[in-house]
Amino acid sequence: PFQGTIGPPLAGVGTRLDAGQIRLRLVDASLLNPQTVMPPYFRTEDLHDVAPAYRGKPALSAQEIEDVVSYLASLKTF
């Protein structure tokens, strides 16, 4: 199904989750919730409907994951 705009608000996510928890959700949220619709941004195995040009490649590089983690971890509630 189209995932579009579903998901939790990210305001204050750095207060609720530490960097490791954010990273885990980005890399493969299905490790925490097998029913999630959030795509794995770094896992490359056991994926469905992946175009041949992208098979075996993560959606985000390790550096991109770390950049997103840094940004999200900085979103603190004051």
Side-chain angles (χ1 to χ4, degrees):
F2 178 71
Q3 285 122 26
T5 58
I6 63 173
L10 295 177
V13 70
T15 302
R16 296 188 306 275
L17 303 173
D18 66 31
Q21 293 169 316
I22 295 169
R23 185 178 298 106
L24 177 59
R25 284 163 172 79
L26 290 171
V27 168
D28 188 359
S30 71
L31 295 171
L32 296 170
N33 175 6
Q35 301 303 314
T36 187
V37 295
M38 183 170 168
Y41 290 101
F42 200 70
R43 179 170 55 99
T44 59
E45 310 255 334
D46 301 318
L47 301 175
H48 304 283
D49 299 322
V50 177
Y54 299 102
R55 287 188 188 138
K57 299 176 185 174
L60 297 176
S61 70
Q63 183 60 58
E64 290 169 327
I65 292 284
E66 292 308 311
D67 292 344
V68 174
V69 168
S70 274
Y71 172 71
L72 292 175
S74 76
L75 299 178
K76 307 281 186 183
T77 302
F78 295 103

Review item, side-chain donor-acceptor pairs of residues 39-48, under 3.5 Å, at least two apart:
residue: Arg43; atom: NE; partner: Asp28; partner atom: OD2; Å: 2.8
residue: Arg43; atom: NH1; partner: Glu45; partner atom: O; Å: 2.7
residue: Arg43; atom: NH1; partner: Asp46; partner atom: O; Å: 3.4

Look up atom CG in Asn33 and atom CE in Met38, then write down how far apart they are to the nearest 0.5 Å.
-> 11.0 Å
Could you pull out every donor-acceptor pair under 3.5 Å between side chains of residues 50-67 and any protein atom, sequence neighbours left out?
residue: Arg55; atom: NE; partner: Val50; partner atom: O; Å: 3.0
residue: Arg55; atom: NH2; partner: Val50; partner atom: O; Å: 3.2
residue: Lys57; atom: NZ; partner: Ala53; partner atom: O; Å: 3.1
residue: Ser61; atom: OG; partner: Gln63; partner atom: N; Å: 3.4
residue: Ser61; atom: OG; partner: Glu64; partner atom: N; Å: 3.1
residue: Ser61; atom: OG; partner: Glu64; partner atom: OE1; Å: 3.4
residue: Gln63; atom: NE2; partner: Asp67; partner atom: OD1; Å: 2.8
residue: Glu64; atom: OE1; partner: Ser61; partner atom: N; Å: 2.7
residue: Glu66; atom: OE1; partner: Arg23; partner atom: NE; Å: 3.4
residue: Glu66; atom: OE1; partner: Arg23; partner atom: NH2; Å: 2.9
residue: Glu66; atom: OE2; partner: Arg23; partner atom: NE; Å: 2.7

Results of side chain to side chain contact (heavy atoms under 4.5 Å, CB included) for Ala73 - residues two or more places apart only = Ile22
Treat each ILVMFWY residue as a node, draw an edge where side-chain heavy atoms are under 4.5 Å apart, and state whether Leu10 and Leu24 are in one component.
-> no
Determine yes or no for a side-chain-to-main-chain donor-acceptor pair under 3.5 angstrom, with Thr15 supplying the side chain and Thr77 the backbone.
-> yes
For the side chain of Lys76 and the backbone of Gly14, is there at least one donor-acceptor N/O pair under 3.5 Å apart?
-> yes
From Leu72 atom CG to Leu26 atom CG, the distance as rounded to the nearest 0.5 Å | 6.5 Å
